[in-house]
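All residue numbers refer to positions in the sequence shown, counting from 1. Both counts, for ligands and for their atoms, begin at 1 and track the order of listing.
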Amino acid sequence: MDSEALKKYSALHPKPAGLTLQYGTAGFRTKAEQLDHVMFRMGLLAVLRSKAVVSTIGIMVTASHNPEEDNGVKLVDPLGEMLHPSWEEYATQLANAEEGELQRIITEICQKAAVNHHKDASVFIGRDTRPSSEKLSQSVIDGISVLGGQYHDYGLVTTPQLHYMVCCRNTQGQYGKATLEGYYEKLSKAFTELIKQSPSSGESQRHLKIDCANGIGALKLSEMESYFPEEVLIHLYNDGTKEKLNHLCGADFVKVHQKPPRGLDMKPNERCCSFDGDADRIVYYYKDTTGHFHLIDGDKIATLISIFLKELLAKVGQTLKMAVVQTAYANGSSTRYLEETLKVPVHCVKTGVKHLHHKAQEFDVGVYFEANGHGTVLFSKAAETKIRQLAKEEKDDEKREAAKVLENMIDLINQTVGDAVSDMLVIEAILALKGLTVQQWDAIYTDLPNRLLKVQVADRRVIDTTDAERRAVTPSGLQEKIDALVKNYKLSRAFVRPSGTEDVIRIYAEADTQENADALAHEVSLAVYHLAGGKGAPPQPI
Ligand SMILES: CC(=O)N[C@H]1[C@@H](OP(=O)(O)O)O[C@H](CO)[C@@H](O)[C@@H]1O
Ligand SMILES: [Mg+2]
């Protein structure tokens with residue numbers, strides 16, 4: 001390592017004195033103007049990680065669904081997964097090191113993580129459409145270069161596209177070609193093959209309106225449109241030409257507010273969906289003839305995909321183990337439907353994609369989704385090999401055809417991470433093949449009314465949880481209070497946890513009616529306020 005060069009370049013990306021940032025649920029995120037040094041240092045870290053695992057590492061500059069003024073950085077591990085949790089601490093140490101400590105911290109990380117300096121380093125970079133992203137990705141490049149790493153800058157890409165590129169590179173092209181064209185071709189080929197067999201539905205069923213959150217999704221979908229078969233009629237809204245990123249639109253807005261985005265005119269029974277700012281989340285929705293808004297969230301997406309895959313797995317007659325992975329935020333009705341009606345095992349893990357992804361890897365077919373619309377399906381290597389073999393060699397026509405559908409699903413699904421574009425095509429293909437309307441999909445089960453609230457406290461670390469975040473261990477008395485409140489309502493459930501991305505405590509409640517869910521959420525938020533050191537005025541009823 002050239003210490004002089006490191007000193008010189010680091011001085012060009014100085015850390016604001018006294019600023020400490022925590023590695024959140026998915027990386028660092030804050031106001032863009034506070035992130036220059038973090039980007040430079042994550043460039044350094046990516047080089048170290050690349051040398052340690054002797055693979056290409058990805059860095060995505062994005063703050064996802066958060067306001068345009070924010071930014072952030074997500075690191076991508078060799079097979080397209082999120083950065084291994086054991087390195088999150090190194091990331092935090094590097095991001096928060098004072099100027100004079102930088103060299104020592106790097107040396108320490110190299111020792112602890114057995115970084116081999118003789119190995120080459122390679123980093124793939126991508127960024128979203130935020131005004132600050134271009135300059136910040138230049139800072140990443142400075143960090144990579146000063147430690148002698150090689151890089152490829154993909155420029156404007158969705159987060160899942162960058163994950164895909166990293167996986168393609170590290171599997172020597174087995175996963176696909178590490179170019180945007182490679183991504184478009186792989187997905188559109190699988191999609192075209194799938195819908196060839198769908199019964200021809202009326203013209204009205206072919207339309208899909210997409211709210212692109214004024215983000216990268218719009219750019220990439222327009223690039224991809226020429227690859228789509230003519231059966232697909234997509235209409236892009238909030239394409240970023242007029243309005244601000246994520247402002248009153250996008251998947252997070254629609255999910256949290258349970259209402260349509262601004263900028264998308266919705267006629268009754270039209271199928272619509274929203275991406276988030278970096279296109280790794282998707283939710284669907286429609287308005288019925290009475291004007292009532294229906295949200296189809298990640299839980300219902302997971303359910304649709306599970307129904308479809310389960311039928312196919314039964315047809316191919318293999319004993320492949322399938323499971324669904326959710327978080328505590330999954331609607332109780334979805335868990336119940338999956339376990340009791342579909343008879344698929346459901347596992348609950350801590351919030352954050354890395355936990356879901358990790359758990360899903362335990363199964364032959366692991367479907368995972370967060371209620372907010374981030375999710376995908378993982379196929380084990382053994383399952384994939386078996387399916388591809390059956391698709392080629394199986395003599396029984398019905399079995400072989402089912403295996404072919406599964407094979408195309410494997411190619412269509414972005415197995416590296418949740419991907420709005422890929423998920424959308426998976427959903428569109430399933431709806432077409434099963435001849436389902438958006439209303440029929442929605443009617444598979446009825447969501448329990450629910451409410452998500454947040455409360456500010458002096459220090460959110462006072463709340464510690466267990467049982468996949470469903471029970472609070474500290475502060476003492478809080479869980480007992482929540483249990484007592486929950487008992488007053490029917491079909492009720494509530495839990496609290498410190499957010500990993502915001503300085504708040506999140507409160508979730510569900511119950512038999514919206515009024516009851518709201519009341520329970522409010523009562524629990526008061527309990528948090530009183531027992532966990534609430535800040536400012538007490539929470540008001542909804
Ligand atoms: C209730 C909720 O939606 N939480 C989100 C949110 O995490 P929090 O730790 O709750 O702030 O952001 C995460 C990263 O985008 C996402 O994985 C997660 O689902
Ligand atoms: Mg996102």
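- Here Asp77 pairs with Arg49 in a salt bridge; the nearest charged N to carboxylate O distance falls below 4.0 Å.
- Residue Ser499 has at least one heavy-atom neighbour below 4.0 Å for each of these atoms of ligand 1: 8 (P), 9 (O), 11 (O).
- Only the side chain of Tyr329 comes within 4.0 Å of ligand 1, counting heavy atoms alone; its backbone N, CA, C and O stay farther away.
- The shortest contact between atom 2 (C) of ligand 1 and any protein heavy atom is with Asn372 ND2, 4.2 Å.
- Residue contact check for ligand 1: Lys255 places no non-hydrogen atom closer than 4.0 Å to it.
- Contacts of Arg506 with ligand 1, taken as heavy-atom pairs under 4.0 Å, involve the side chain alone.
- Counting just the N/O/S atoms of Asp278, the one with the shortest distance to the Mg ion (ligand 2) is named OD1.
- For residue Asp252, no N/O/S atom approaches the Mg ion (ligand 2) to within less than 2.8 Å.
- Heavy-atom separations between Arg281 and ligand 1 include at least one value shorter than 4.0 Å.
- Glu88 and Lys354 are joined by a salt bridge, as a carboxylate oxygen and a charged side-chain nitrogen come within less than 4.0 angstrom of each other.
- No other N/O/S atom of Asp276 lies as close to the Mg ion (ligand 2) as OD2 does.
- Using a 4.0 Å cut-off between charged side-chain N and carboxylate O, Arg262 and Glu243 make a salt bridge.
- A salt bridge between Lys244 and Glu68 is absent, with no side-chain N of the basic residue lying under 4.0 Å from a carboxylate O of the acidic one.
- Atoms of ligand 1 lying under 4.0 Å from at least one heavy atom of Arg497, given by number and element, are 8 (P), 9 (O), 10 (O).
- Between Tyr183 and Tyr164, the angle of the ring planes goes over 60°, which puts this pair in the perpendicular group of the 30/60° scheme.
- At least one N/O/S atom of Ser64, whether from backbone or side chain, sits less than 2.8 Å from the Mg ion (ligand 2).
- The closest protein non-hydrogen atom to atom 12 (O) of ligand 1 is Thr501 CG2, 3.7 Å.
- Heavy-atom proximity to atom 18 (C) of ligand 1, evaluated over Thr351, Thr25, Asp276, is greatest for Thr351.
- Inter-residue side-chain proximity for Pro345 and Val324 is flagged as unmet; no heavy-atom pair is nearer than 4.5 Å.
- For Tyr285 and Phe293, the ring centers sit closer than 6.0 Å to each other.
- Among heteroatoms of the N, O or S kind in Asp280, OD1 lies nearest the Mg ion (ligand 2).
- To the nearest 0.5 Å, atoms SG (Cys272) and NE2 (His294) are separated by 12.5 Å.
- Where the criterion is an N or O separation shorter than 3.5 Å, residue side chain and backbone included, His65 fails it with respect to ligand 1.
- Ligand 1 has a nitrogen or oxygen under 3.5 angstrom from a nitrogen or oxygen of Gly500.
- For the pair Lys186 and Tyr175, the distance from NZ or CZ to the six-membered ring centre is under 6.0 Å and the angle to the ring normal is within 45 degrees.
- Glu370 has its side chain within reach of Leu356: a pair of non-hydrogen atoms, C-beta onward, lies under 4.5 Å apart.
- Between the side chains of Ser132 and Asn71, at least one donor-acceptor pair of N or O atoms lies under 3.5 Å.
- In this structure, the protein non-hydrogen atom closest to atom 17 (O) of ligand 1 is Glu370 OE1, 2.8 Å.
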